[in-house]
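Working notes for the structure below.
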2 protein chains.
Amino acid sequence: MNTLAEENYLKSIYHLSVNDGNASTNQIASSLNTKASSVTDMLKKLAEKALINYTPYQGVSLTPSGEKIAISIIRKHRLWEYFLVEKLNFKWDQVHDLAEEMEHISSEELIDRLDKFMGYPKHDPHGDPIPDCNGRFNTHELKPVSAVTVNQSGIISGVRDHSSSFLQYLDKKQLTIGCKIMITDIIEYDHSVVVQTGNKEVHISREVANNLLIAL
Amino acid sequence: MNTLAEENYLKSIYHLSVNDGNASTNQIASSLNTKASSVTDMLKKLAEKALINYTPYQGVSLTPSGEKIAISIIRKHRLWEYFLVEKLNFKWDQVHDLAEEMEHISSEELIDRLDKFMGYPKHDPHGDPIPDCNGRFNTHELKPVSAVTVNQSGIISGVRDHSSSFLQYLDKKQLTIGCKIMITDIIEYDHSVVVQTGNKEVHISREVANNLLIAL
DNA sequence: TTATTTTTTTAGATTAGTCTAAATTTTTTA
DNA sequence: TAAAAAATTTAGACTAATCTAAAAAAATAA
């Protein structure tokens, strides 16, 4: 199997290349809190193992086998997060770091049984889709609140920022996964957004609107 | 915190010194499948951190802080074993290696919540006592079947050998934790033992009798 | 109680992953 | 398109954990 460091690199490359299909050395370094030179060393090693496509100076992408490993780690991460929240009553802002550790427990049988035990959940506590045991995602089209027009409504279904402080802020404003909201106004001056949730109106900044995802 | 290797050494030293209060370099090496020279290196490091008492050539014992760490790892190991058997329906002979990995998940809060989730179990699937969150064991007096006299009866409550092959053998003979048994005969020639379990008589070797523990 | 065997430690090397500093390549900008 | 800036790689070093082989200490046996 792969080392912990290798798994973290693969996961980071996966997340970074979801958008443009490619991750740069510096992006990886900053996402893993390490130095570019360390990244270069590891990229050579992963390329050697045929887990990434690497041409010096050109950034990297995952090969099918690299992607398979990355997705399996993401599956573990999200299932453990679900477990921690649903079974052990952690709050959604407390589980990320714990799951970072738990995602490296290697057994696939364990994770498949955990999946079954919890009734095959489709989304983790932050709304991120949980891939099934074949690595397939149930992708739903989500939009940031900042990209929605006035008078549209939808269900809060995900976040882009997973930091505790953001999640705690959402808790305080009662903007949590599953809430139905309606965009009632967009302030042109600073792109902040006014949303209706239940009986209240909440005013959120552009940044928050950008990191809050809804299903229309 | 401590590295994975350090934790494994502390756990090994704990188990080895339960009997004679002391563990030798070679004992540790063989229990961790490593070489004596590697052990010496690590012992110096652990002594440096004041987790063990180490005098060259004289073997080692845990300091109170070393013991605290060892017990916390054992607590995690046994609680995860319980989880795997009771919640994920693994068999008792399948969980040891998985728990070896899971015992290194660092969060104490996680393990305390897991403990609560499962209703504070007192024994793991092999009958070993689970220390509470303060590191206290519920020690029960157990005897190997080989040390019991004819006509005595008791409840199977533990095993000394945790190997899959031994546990599978016990399953086949229906000699599992919680079974009431009675020793009906001891064969002088080879010290094998005949036990009554339910409606059946089972004949077990001296070695099996040695590794099977009962509460009288 | 000396010689032999066993156990343990030391010395020196290796691997994985990381680092800093310097060199190189690519990108940007003027 | 040449110079400057940014990104990336290389070179060389470090740490943790391990190894083999040799040396030293302790235990055992003659």
Side-chain angles (χ1 to χ4, degrees), chain A residues 1-17 19-62 66 69-70 73 100-101 103-104 106, chain B residues 1-17 19-62 66 69-70 73 100-101 103-104 106:
Chain A
M1 262 312 276
N2 308 286
T3 65
L4 194 144
E6 285 169 356
E7 291 190 351
N8 284 332
Y9 274 88
L10 292 173
K11 185 172 53 131
S12 164
I13 294 165
Y14 180 89
H15 286 308
L16 290 169
S17 54
N19 310 311
D20 39 349
N22 210 265
S24 77
T25 301
N26 268 357
Q27 284 177 322
I28 298 167
S30 103
S31 101
L32 294 174
N33 287 307
T34 183
K35 295 298 149 80
S37 57
S38 310
V39 174
T40 302
D41 285 347
M42 182 59 93
L43 295 184
K44 287 181 191 164
K45 193 172 151 198
L46 294 174
E48 193 82 16
K49 289 188 164 194
L51 298 173
I52 60 172
N53 306 113
Y54 172 53
T55 327
Y57 297 101
Q58 300 310 136
V60 294
S61 61
L62 295 174
I69 295 168
I73 296 162
E100 281 301 274
E101 246 186 290
E103 72 192 8
H104 300 289
S106 58
Chain B
M1 262 311 280
N2 309 285
T3 65
L4 194 144
E6 285 169 357
E7 291 190 350
N8 284 332
Y9 274 89
L10 291 173
K11 185 171 53 128
S12 164
I13 294 165
Y14 180 89
H15 286 308
L16 290 169
S17 55
N19 309 311
D20 39 350
N22 211 263
S24 77
T25 301
N26 267 357
Q27 285 176 320
I28 298 167
S30 104
S31 101
L32 294 174
N33 287 307
T34 183
K35 295 296 149 81
S37 57
S38 310
V39 174
T40 302
D41 285 347
M42 182 59 94
L43 295 185
K44 287 181 193 167
K45 192 171 151 198
L46 294 173
E48 194 82 17
K49 289 188 166 194
L51 298 173
I52 60 171
N53 306 111
Y54 172 54
T55 328
Y57 295 103
Q58 300 309 135
V60 293
S61 60
L62 295 174
I69 295 168
I73 295 162
E100 283 297 277
E101 245 186 291
E103 72 192 6
H104 300 289
S106 57

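Side chains included, hydrogens not; waters and symmetry mates left out as well; all remaining heavy atoms used. Residue numbering restarts at 1 for every chain, and letters A, B, ... go by the order of the sequence lines.
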Of the nucleotides [options], which has the atom closest to the [X] side chain?
X	options	value
A/Ala5	D/dT8, C/dT18, D/dC19	C/dT18
B/Thr40	D/dT9, C/dT9, D/dC19	C/dT9
A/Asp41	D/dC19, D/dT9, D/dT10	D/dT10
A/Thr34	C/dT18, D/dC19, C/dT10	C/dT18
A/Asn26	D/dA7, D/dC19, D/dT10	D/dA7

Nearest heavy atom decides the nucleotide; on that basis, is B/Ala36 or A/Leu4 closer to the 5' end of DNA chain C?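 Its nearest nucleotide being more 5', the pick is B/Ala36.
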Any strand is fair game: report the nucleotide pairing with D/dA13 by Watson-Crick or G-U wobble, both distances under 3.5 Å, or none.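 Pairing partner, where one exists within any strand: C/dT18.
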Nearest whole angstrom, please: distance from the [atom2] of [N] to the [atom1] of [X].
X	N	atom1	atom2	value
B/Ile28	D/dT18	CD1	C1'	16 Å
A/Glu6	C/dT18	CD	P	10 Å
B/Asn8	D/dA16	CG	C1'	14 Å
B/Lys44	D/dT18	NZ	C1'	14 Å
A/Gln27	D/dA7	CD	P	10 Å

Give, for atom [atom1] of [X] and atom [atom2] of [Y], the distance between the pair rounded to the nearest 0.5 Å.
X	Y	atom1	atom2	value
A/Ile28	A/Ser38	CD1	OG	12.0 Å
A/Leu51	A/Met42	CG	CE	10.5 Å
A/His104	A/Asn2	NE2	CG	11.0 Å

Have a look at A/Ser38 and say if it touches a base, only the backbone sugar-phosphate, or nothing, with a 4.0 Å heavy-atom cut-off.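 Answer is base: heavy atoms of A/Ser38 come under 4.0 Å of a base.
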Identify the two heavy atoms, one from A/Asn8 and one from A/Leu32, that lie closest to each other, and give their separation to 0.1 Å.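 Closest pair (atom of A/Asn8, atom of A/Leu32, distance): O-CD2, 3.8 Å.
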Closest heavy-atom contact between B/Ala36 and B/Asn26?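 Reported closest heavy-atom pair: CB-OD1, 3.6 Å.
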Check whether A/Glu6 reaches the backbone of A/Thr3 with its side chain - one donor and one acceptor, N or O, closer than 3.5 Å.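 Present.
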Without hydrogens or angle criteria, can the side chains of B/Ser17 and B/Ser61 be said to hold a donor-acceptor pair below 3.5 Å?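 No, no side-chain donor-acceptor pair sits under 3.5 Å.
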Pairs under 3.5 Å (N/O, protein and nucleotides 23-28 of chain C):
unit_1 : atom_1 : unit_2  : atom_2 : d
C/dT25 : O4'    : A/Tyr57 : OH     : 3.4

Using OP1 and OP2 only, check whether a side-chain N or O of [X] sits under 4.0 Å from [N].
X	N	result
B/Lys35	D/dT18	no
A/Tyr9	C/dT18	yes
B/Ser37	D/dT20	no
B/Thr3	D/dA16	no

